[in-house]
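Computed over heavy atoms, backbone and side chain alike; hydrogens, waters and symmetry mates excluded.
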Amino acid sequence: MKELGKDGTTPQIYEGLPMWGWHRLSQEMFTPKRIREWDAPRLWWNGFEELEEMRQLRSVVQGHPVLASRVDTLVGTAFSAQRRELAGLIRSLVYNLVLANESWTFEQETFGVAYERLEAGLVVDTVTFTDFAPLLGLDGSQDIEGEEIAEGVVLRRMTDNEISVAVQRAAVPIEEYLTTQTIQVSRFNQWALTAEHTHPLRTGDASLTPPPAAPALPIYTDVLPSIVAAIRLVCGGSATTSYAIRTDSLGHGYSAALTPIGPTDPLRPTVLAGKAMLDQIRSAYGHLTNPVVMADRPLSTATRQVVLAGSRGLVEDRVLNLITAAEALFIARLNLRDPNGGKSILLQSGAADMLTGDQTLGAPTAENIKRLIKAIYQWRNAEVHGGEHPTALLRRLDGSTTNDLFGVATDFDAMMRRALLRTLNDAIQGPGRPQRRPRQRSARSQAGRSATSRVGSRRRRRS
């Protein structure tokens, strides 16, 4: 530092250009991140390695039992490493000291803090990676932050640096440009599913052929759909995950997986309020990943259709997905078939048998459940066949009549999510899948059969 200031000048410190990400101003407002910089003299680039102090330092480091293998070589893990130069480390250290002191003067206290941080990074034997998949369309209460939602997977708000990286990688959308240098990031897009995994530090320039594969990004890729499904079943809404991002403890930057992003509806965010709801999600996740449930095709189909319904932007599509789920759950799973096509009656009976008086739904009556399904199924028949919709009013779960398809879809969604959660629990608690009932004939079919039998009997008597 004495060599840098021997010409009698002082460092010229200024705010750099806004090119280093985003800095939080308030809950949803972010502005470009600026860092303090100073212009390095010519010695910084041309004569740095020739300084006597630098030669002495290099000699000491080369004789150190640990540091000798940690600089001027590749440092990282078996699947991800970057070259670490001693000169680069010293430049970074001096650069930060000049910014802290705002002069070329060496101050022991400032140096001690900076060197302790540098040395801690040089002597580690492991590298910790943090994988985070931003959740779009979700907000949660303070008491669930940092809680484990599945084994090794933590639900928390993203740090400011993580939000900055997510915005840069288009993993989190910019809600609005408030000014030329201020953006809005919705609070419903600031949570993430995160996991940490640690790997041994590897140093050296030895070639690895072929290079070992990196862990999947995110490391919990296999269970991610089940986690999202559990969140949707318990909380409703339209929460989904975005591009997963990986950072490491060495500061080597980040990686992003350009995985498909499911749609989310900003008008129907998912709200996770309280630990009781989080416990329900954990239970639902455990059920969804249970082999008994995974082998139950109708139940899996119904779950998938309800999750798909949550992502639909058009309420008409939501209703169609929900009815498909109801048919899988209340008809196909019980092997019920109506030769006269009376699926609506089977759906009404199945839903009423399971959900009548359910306190989570507000204790609906059997009659209100049946009327809702009857009206919405008539609407569905017209929709899928391109016909005119019935002129009769739709029904809400409280028994009221309405023309509001969105409100009816909201009630129907709550019914199907509740039915699925109860069925998932029963499937795990019971001996397995329910016994399939024999195919039942409708009342019309039975009446027709009886009439035919009577005619046949009269004919036999006449003959």
**Q.** Min side-chain heavy-atom separation Leu329-Met416 under 4.5 Å
**A.** yes
**Q.** Partners meeting side chain to side chain contact (heavy atoms under 4.5 Å, CB included) with Thr110 (sequence neighbours left out)
**A.** Leu97, Ala100, Asn101, Glu107
**Q.** Leu135 and Thr241, any side-chain heavy atoms less than 4.5 Å apart
**A.** yes
Q: Keeping the roles fixed (side chain from Gln429, backbone from Ala427), state whether a donor-acceptor pair exists under 3.5 Å.
A: no
Please report, to 0.1 Å, the donor-acceptor pairs under 3.5 Å made by any side chain of residues 250-262, with sequence neighbours excluded.
none

Q. What are the two closest heavy atoms between Ala192 and Met158, and how far apart are they?
A. CB-CG, 3.5 Å
Q. So Phe330 and Leu336, side-chain contact (heavy atoms from CB on, under 4.5 Å) or not? Walk me through it.
A. CA-CA 8 Å; Phe330 296 126; Leu336 302 180; over 6 Å; no
**Q.** Lys/Arg N to Asp/Glu carboxylate O, Asp413 vs Arg417, below 4.0 Å
**A.** yes
Q: Please identify each residue that fulfils side chain to side chain donor-acceptor pair (under 3.5 Å) with Ser300, with sequence neighbours left out.
A: none
Q) Among all residues two or more places apart in sequence or in another chain, which pass the salt bridge (charged side-chain N to carboxylate O under 4.0 Å, His left out) test with Arg380? A) none
Q: Measure from the side-chain N and O atoms of Thr194 to the backbone N and O of Phe132, and report whether any donor-acceptor pair falls under 3.5 Å.
A: no
Q) So, Thr31 side chain and Gln181 main chain: donor-acceptor pair closer than 3.5 Å or not? A) yes
Q. Nearest 0.5 Å, what's the CD-CE distance between Glu175 and Met29?
A. 13.5 Å
(Q) I want to check something: taking the side chain as every heavy atom from C-beta on, are Leu136 and Pro173 in contact at a cut-off of under 4.5 Å? (A) yes
Q: May I ask you to decide if Arg187's main-chain N or O and Glu28's side chain share a donor-acceptor pair within less than 3.5 Å?
A: yes
Q) Do the side chains of Met277 and Val271 get nearer than 4.5 Å, heavy atoms only? A) no
**Q.** Crowding at CD, Gln56 (>12 non-hydrogen neighbours, <6.0 Å)
**A.** yes
Q) Between Asp143 and Lys275, is there a side-chain N and carboxylate O pair less than 4.0 Å apart? A) no
Q) Got a second to check how far Ile373's CD1 is from Leu347's CG, nearest 0.5 Å? A) 6.0 Å
Q) Would you say Ile369 and Leu361 make side-chain contact, with heavy atoms under 4.5 Å? A) no
Q.
Per the ring-ring contact (aromatic ring centres under 6.0 Å, His included) rule, what does the pair list look like for residues 99-122, sequence neighbours excluded?
A. Trp38-Trp104, Phe106-Phe111, Phe111-Tyr115
Q: Could you pull out the closest heavy-atom pair between Thr264 and Pro266, with the gap in Å?
A: O-CD, 3.5 Å
Q | Sequence neighbours excluded - salt bridge (charged side-chain N to carboxylate O under 4.0 Å, His left out) pairs with any residue from residues 279-291 | A | Glu147-Arg282, Asp279-Arg282
(Q) I need the Ile149 CD1 to Ile144 CD1 distance, nearest 0.5 Å. (A) 7.5 Å
Q. What residue pairs, at least two apart or across chains, pass salt bridge (charged side-chain N to carboxylate O under 4.0 Å, His left out) with a residue in residues 112-121?
A. none
**Q.** Check against side-chain contact (heavy atoms from CB on, under 4.5 Å), Asp139 and Leu272
**A.** CA-CA 6 Å; Asp139 196 11; Leu272 206 172; over 6 Å; no
Q. Among Arg156, Arg169, Arg157, which one satisfies salt bridge (charged side-chain N to carboxylate O under 4.0 Å, His left out) with Glu162?
A. Arg156
Q.
What I'd like to find out is whether the side chain of Pro364 reaches to under 4.5 Å of the side chain of Met415, using heavy atoms alone.
A. no
Q. So how far is it from Leu233 CG to Thr303 OG1, rounded to the nearest 0.5 Å?
A. 6.0 Å
Q: Using the salt bridge (charged side-chain N to carboxylate O under 4.0 Å, His left out) rule, collect all pairs that involve residues 65-76, keeping only residues at least two apart or in two chains.
A: Arg58-Asp72, Arg70-Asp125
**Q.** Spacing of Thr240 atom OG1 and Leu224 atom CG [to the nearest 0.5 Å]
**A.** 8.0 Å
Q: Look only at the side chain of Asn425 and the backbone of Leu421, and say whether a donor-acceptor pair between them is shorter than 3.5 Å.
A: no
**Q.** Exam field: side chain Thr356 to backbone Asp353, donor-acceptor pair closer than 3.5 Å
**A.** no
Q) Tyr285 and Ala150: which non-hydrogen atoms are nearest, and at how many Å? A) CE2-CB, 3.6 Å
Q | Residues forming a side chain to side chain donor-acceptor pair (under 3.5 Å) with Asp222, sequence neighbours excluded | A | none
Q: Determine, stepwise, if the pair Asn161 / Lys33 fulfils side-chain contact (heavy atoms from CB on, under 4.5 Å).
A: CA-CA 10 Å; Asn161 283 337; Lys33 186 185 300 182; 3.0 Å; yes
(Q) Ignoring hydrogens, what is the shortest heavy-atom contact between Thr270 and Gly236? Give both atom names and the distance. (A) OG1-O, 2.8 Å
Q. Between CG of Leu201 and CG of Leu122, what distance do you get to the nearest 0.5 Å?
A. 10.0 Å
Q | Distance-minimising heavy-atom pair for Ala325 and Val306 | A | CB-CG2, 3.6 Å
Q. Quick one: does Trp379's side chain get under 4.5 Å of Leu405's, heavy atoms only?
A. yes
Q: Look only at the side chain of Arg232 and the backbone of Val307, and say whether a donor-acceptor pair between them is shorter than 3.5 Å.
A: yes
Q. In chain order, what residues pass the ring pair (Phe, Tyr, Trp, His ring centres under 6.0 Å) check against Phe406, with sequence neighbours excluded?
A. none
Q.
Filter on salt bridge (charged side-chain N to carboxylate O under 4.0 Å, His left out), then keep only pairs touching residues 313-326, sequence neighbours left out; what's left?
A. none
Q: Indicate yes or no for a side-chain donor-acceptor contact from Ser249 to the backbone of Thr128 under 3.5 Å, with no hydrogens or angles considered.
A: yes
Q. With sequence neighbours left out, which residue pairs that include part of residues 155-202 fulfil the ring-ring contact (aromatic ring centres under 6.0 Å, His included) condition?
A. Phe79-His199, Phe129-His197, Phe129-His199, His197-His199
Q. What residue among Ile245, Thr159, Asp160 forms side chain to side chain contact (heavy atoms under 4.5 Å, CB included) with Val165?
A. Ile245
Q.
Within the structure provided, determine whether Glu102 and Pro11 are in side-chain contact (heavy-atom separation under 4.5 Å).
A. no
Q: Please report the shortest heavy-atom distance between Gly407 and Arg396, naming the atom on each side.
A: O-NE, 3.3 Å
Q) Does any N or O in the side chain of Arg36 come within less than 3.5 Å of the main-chain N or O of Ile13, such that one atom is a donor and the other an acceptor? A) no
Q) Looking only at atom types and distance, does a side-chain atom of Gln190 sit under 3.5 Å from a main-chain N or O of Ile163, one as donor and one as acceptor? A) no
**Q.** Distance-only polar pair, side chains of Arg268 and Thr410, donor-acceptor under 3.5 Å
**A.** no
